[in-house]
Amino acid sequence: MLDIKLLRENKELVEVSLKNRNIKIDLSVILSLDEERRKIIQEVEALKSARNRQSEEIGKLKREKQDASVKMAEVGKINEKISELDGSLAGLEKKLNEALLLLPNIPDKSVPLGKDEKDNTLIRTLGSAPKFSFIPKTHWALGEALDIFDFEKAVKIAASRFVILKKAGAGLERAIVNFMLDVHTKAGFTEIYPPYLVNGRSMQSSGQLPKFADEAYKCSEDDLYLIPTAEVPLTNMHRDEIINEDSLPYLYTSYSACFRREAGSYGKDLKGLIRVHQFDKVELFKFTTPETSFNELESLTLQAEEILKLLKLPYRVIELCTADMGFVAAKTYDLEVWMPGINAYKEISSCSNCTDFQARRANIKFKRKATGKPEFVHTLNGSGLAAGRTMAAIMENYQQENGDVIIPEVLRPYMGGTEKISVGKA
RNA sequence: GGAGAGCUGGCCGAGUUGGUCGAAGGCGCUUGACUCGAAAUCAAGUGUGCUCGCAAGGGUACCGCAGGUUCGAAUCCUGCGCUCUCCGCCA
């Protein structure tokens with residue numbers, strides 16, 4: 001959420017932001033709602049002030065056993081006017097709030113301008129793609145041959161875009177998650193195991209609602225939503241809190257399953273583990289002060305990259321342009337891993353500084369020592385990494401001509417020393 | 001699921017014959033005094049949002065949430081939420 005004061009004082013800035021994001025919203029409607037609202041506030045509060053003074057005098061008269069009926073009648077009239085104004089004020093504030101909840105975060109000045117994903121910037125490329133003396137297979141071809149994936153049974157049990165992992169496939173998933181958590185906790189991130197179901201307020205705070213309701217699985221009986229990412233519960237851990245400046249930054253890492261309806265992605269990444277309704281992810285999350293958040297974004301991104309480096313997977317870092325960035329982000333780096341079977345780079349992590357956007361929605365502040373005043377914190381999140389896509393990348397990069405898959409060295413301790421998954425004996 | 005108790009400021013905790021209660025007191029915290037320094041002691045200060053104002057400051061709202069009664073509610077009424085205890089059921 002944006003500060004309405006920012007909108008009042010710097011409409012221009014917000015307009016440019018919307019234009020760069022390729023979003024059309026009429027700000028003048030919002031501003032006139034705000035103007036009307038403030039006008040009514042002044043009116044109604046003057047009346048309330050009068051009422052309070054009168055009531056005090058009525059109390060005084062009654063204690064002195066004098067007649068107060070004239071004043072009581074006066075206040076009665078004031079009250080009629082007050083309840084009328086309060087009514088229209090509530091309506092205005094509701095409308096204003098709904099409008100504000102639909103405004104995206106303002107991109108940082110450093111973010112490249114662009115019209116679509118073609119305008120994203122390549123920041124760096126690391127690792128070298130493996131050389132194959134044969135045509136590398138896709139991870140789903142490998143997985144079915146190894147008998148560690150079963151998509152058909154998953155459709156029977158659930159629906160399309162679900163997967164069953166079997167034997168060494170299930171073990172590899174578990175190994176990847178544990179490995180990632182170990183790396184991050186050793187780096188000082190506190191591990192959190194969050195609820196997978198969250199209430200509507202939490203979804204609004206982190207930015208999923210109201211705009212992206214289509215993307216979420218909802219349990220309507222209970223007003224609870226399956227989390228699309230651990231970012232949602234993590235953002236809300238400190239909702240409605242005022243944190244001591246000295247205890248910032250808070251660093252969290254969290255494994256969770258993630259659930260996404262993938263509405264509107266028909267025909268995209270139909271096969272394999274790239275785009276499924278349920279996947280595992282290890283998330284990185286930070287609460288920071290405003291002045292440190294952009295540095296913290298750099299180190300958060302490096303922390304996610306560390307996993308790819310340790311797994312020796314080739315990847316590149318992309319800075320998203322204004323038009324390709326998510327709703328809540330002010331600046332985003334995507335990590336894209338090389339997938340030889342698909343013959344493309346695929347997003348495996350997205351690291352964002354959300355500045356005070358989520359903090360304002362979630363009402364998360366810290367008390368600045370210098371001023372003694374509360375200010376909104378900054379929140380940052382990043383995948384560290386998406387486990388399913390990591391498994392896919394490992395399989396495609398570590399495949400052998402006969403269809404076997406070598407296990408990256410750092411994962412072997414997590415798989416009882418297994419060095420490879422072999423055809424016929426996974 | 002059934003029965004009961006409770007939800008007050010960073011924390012603990014007064015306040016339930018409605019009025020001078022944004023709210024006693026304690027703890028904590030900040031500043032100052034004392035001290036070589038610390039502790040102890042003493043003094044003062046110490047919630048948040050909105051709104052008006054250049055500012056100083058003013059107004060208003062908030063005692064779980066939403067309504068209601070009343071000239072006036074933390075205090076009365078209704079509904080909801082949450083926490084705790086006991087019983088039942090259960091991984």
Side-chain angles (χ1 to χ4, degrees), chain A residues 1-10 30-101 193 195-205 219-225 233 236-248 250 257 287 356-377:
Chain A
M1 188 143 70
L2 300 182
D3 189 355
I4 183 67
K5 283 179 199 142
L6 176 74
L7 210 63
R8 280 206 292 262
E9 287 155 20
N10 205 340
I30 299 177
L31 284 170
S32 62
L33 281 172
D34 175 53
E35 206 172 313
E36 181 68 9
R37 166 182 150 267
R38 285 185 294 150
K39 207 184 100 197
I40 293 181
I41 284 175
Q42 288 176 49
E43 233 176 295
V44 77
E45 289 195 348
L47 289 172
K48 284 179 179 173
S49 177
R51 175 179 67 187
N52 289 345
R53 263 180 280 119
Q54 297 276 53
S55 290
E56 237 172 272
E57 284 179 41
I58 290 169
K60 208 177 291 171
L61 289 175
K62 290 219 163 182
R63 253 173 281 123
E64 291 164 4
K65 308 276 187 216
Q66 295 185 41
D67 177 45
S69 57
V70 178
K71 278 199 183 296
M72 281 164 69
E74 261 178 58
V75 177
K77 272 185 217 149
I78 293 177
N79 274 337
E80 275 175 39
K81 188 72 184 158
I82 287 177
S83 60
E84 185 189 311
L85 289 173
D86 267 342
S88 39
L89 188 59
L92 281 168
E93 292 193 322
K94 185 159 178 285
K95 273 195 206 165
L96 181 62
N97 197 250
E98 283 165 358
L100 285 174
L101 284 172
Y193 178 82
Y196 289 2
L197 286 167
V198 298
N199 54 39
R201 174 69 211 279
S202 293
M203 289 287 273
Q204 178 176 303
S205 295
C219 309
S220 16
E221 290 285 298
D222 304 289
D223 185 36
L224 290 171
Y225 298 79
N236 283 278
M237 284 232 303
H238 297 292
R239 195 175 73 211
D240 295 319
E241 287 184 16
I242 298 176
I243 298 163
N244 282 331
E245 182 175 0
D246 286 340
S247 52
L248 292 174
Y250 285 159
F287 293 87
D356 62 358
F357 188 83
Q358 290 176 319
R360 184 169 278 110
R361 286 176 169 240
N363 189 30
I364 307 166
K365 298 180 173 179
F366 73 100
K367 186 160 271 179
R368 191 180 284 287
K369 282 168 86 182
T371 61
K373 292 292 165 202
E375 280 179 46
F376 289 110
V377 299

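Below, chain A is the first sequence line, B the second, and so on; all start at residue 1. When reading the values below, keep in mind they use all heavy atoms of this one structure, side chains included, and skip hydrogens, waters and symmetry mates.
Within 4.0 Å of A:K39, counting heavy atoms only, lies no atom of the nucleic acid at all. Across all strands shown, A:R8 has heavy atoms under 4.0 Å from sugar-phosphate atoms exclusively, and none from any base. Heavy atoms of A:R37 sit under 4.0 angstrom from primed sugar atoms or phosphate atoms, though from no base atom. Heavy atoms of A:K369 sit nowhere under 4.0 angstrom from any nucleic acid atom. Among the protein residues, A:K48 comes within range of the sugar-phosphate backbone only, with heavy atoms under 4.0 Å from sugar or phosphate atoms but none that close to a base.
The nucleotide B:A43 finds its pairing partner in B:U31, both defining distances of the Watson-Crick or G-U wobble pair being shorter than 3.5 Å. Pairing of B:C11, defined by two Watson-Crick or G-U wobble distances under 3.5 Å, is identified with B:G26. Remark: B:G67 base-pairs with B:C77. Criterion, Watson-Crick or G-U wobble with two distances under 3.5 Å. Pairing for B:G53 is absent, with no Watson-Crick or G-U wobble pair whose two atom distances lie under 3.5 Å.
When only modelled atom types and interatomic distance are considered, A:R51 and A:N79 share a side-chain donor-acceptor pair under 3.5 Å. For the residue pair A:S247 and A:N244, no side-chain donor N or O sits within less than 3.5 Å of a side-chain acceptor on the partner.
Remark: the separation of the C1' atoms in B:G13 and B:G28 is 14 Å, to the nearest Å. B:G4 and B:U17 have their P atoms separated by 24 Å, given to the nearest Å. Distance noted for atom P between B:C50 and B:A39: 37 Å (whole Å). Taking atom C1' on both nucleotides, B:A91 is separated from B:C86 by 22 Å, rounded to a whole Å. A distance of about 15 Å separates the P atoms of B:A38 and B:C29, rounded to the whole Å. Distance check on atom P: B:G15 versus B:U69 gives 29 Å, rounded to whole Å. Taking the C1' atoms as reference points, B:C12 lies 34 Å from B:U70, given to the whole Å. B:G67 sits 37 Å from B:C27 when the C1' atoms are compared, rounded to a whole Å.
Residue A:E45 places its side chain closer to B:G59 than to any other of B:G47, B:G59, B:U51. Taking the side chain of A:N79 as heavy atoms from C-beta on, and the options B:C50, B:U48, B:G72, the nearest nucleotide is B:G72.
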Quick test: give all pairs of protein nitrogen or oxygen and nucleotides 62-64 of chain B nitrogen or oxygen below 3.5 Å, distance rounded to 0.1 Å.
none

Below 3.5 Å between N/O atoms, which protein atoms pair up with nucleotides 17-22 of chain B? Just atom names and distances, please.
from  : atom 1 : to    : atom 2 : distance (Å)
B:G19 : N2     : A:S55 : O      : 2.9

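Atom CD1 of A:I4 is separated from atom P of B:C50 by 12 Å (rounded to the nearest Å).
At a threshold of 4.0 Å, the pair A:R368-A:E375 counts as salt-bridged, since one of the basic side-chain nitrogens sits closer than that to a carboxylate oxygen. Under a 4.0 Å N-O distance rule, the pair A:K369/A:D246 qualifies as a salt bridge. A:K81 has a carboxylate O that lies under 4.0 Å from a charged side-chain N of A:E84, or vice versa, which qualifies the two as a salt bridge. Using a 4.0 Å cut-off between charged side-chain N and carboxylate O, A:D67 and A:K62 make no salt bridge. Remark: A:K95 does not engage A:D34 in a salt bridge, criterion side-chain N to carboxylate O under 4.0 Å.
Phosphate proximity of B:C52 to A:R38: present, with a side-chain N or O under 4.0 Å from OP1 or OP2. For A:N52 and B:G72, the shortest distance from a side-chain N or O to OP1 or OP2 is not below 4.0 Å. Applying the 4.0 Å criterion to OP1 and OP2 of B:C52, one finds that A:Q42 has a side-chain N or O inside that range. Contact annotation: A:K365 reaches the phosphate of B:G49 (side-chain N/O to OP1 or OP2, under 4.0 Å).
Residues A:E57 and A:K71 are in side-chain contact: their nearest non-hydrogen atoms beyond the backbone lie under 4.5 Å apart.
Enclosure of atom CD in A:E35 is not indicated, since only 12 or fewer non-hydrogen atoms of other residues, nucleotides or ligands lie within 6.0 angstrom.
Nearest-nucleotide positions on RNA chain B for A:D3 and A:G76 put A:D3 closer to the 5' end. If you find the closest nucleotide of RNA chain B to A:I41 and to A:A46, the one lying nearer the 5' end belongs to A:I41.
Residues A:I58 and A:V75 come closest through the heavy atom pair CD1-CG2, 4.1 Å.
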### Query
Going through the checks in order, is the side-chain contact (heavy atoms from CB on, under 4.5 Å) test met by A:K77 and A:E74?
CA-CA 5 Å; A:K77 272 185 217 149; A:E74 261 178 58; 6.0 Å; no
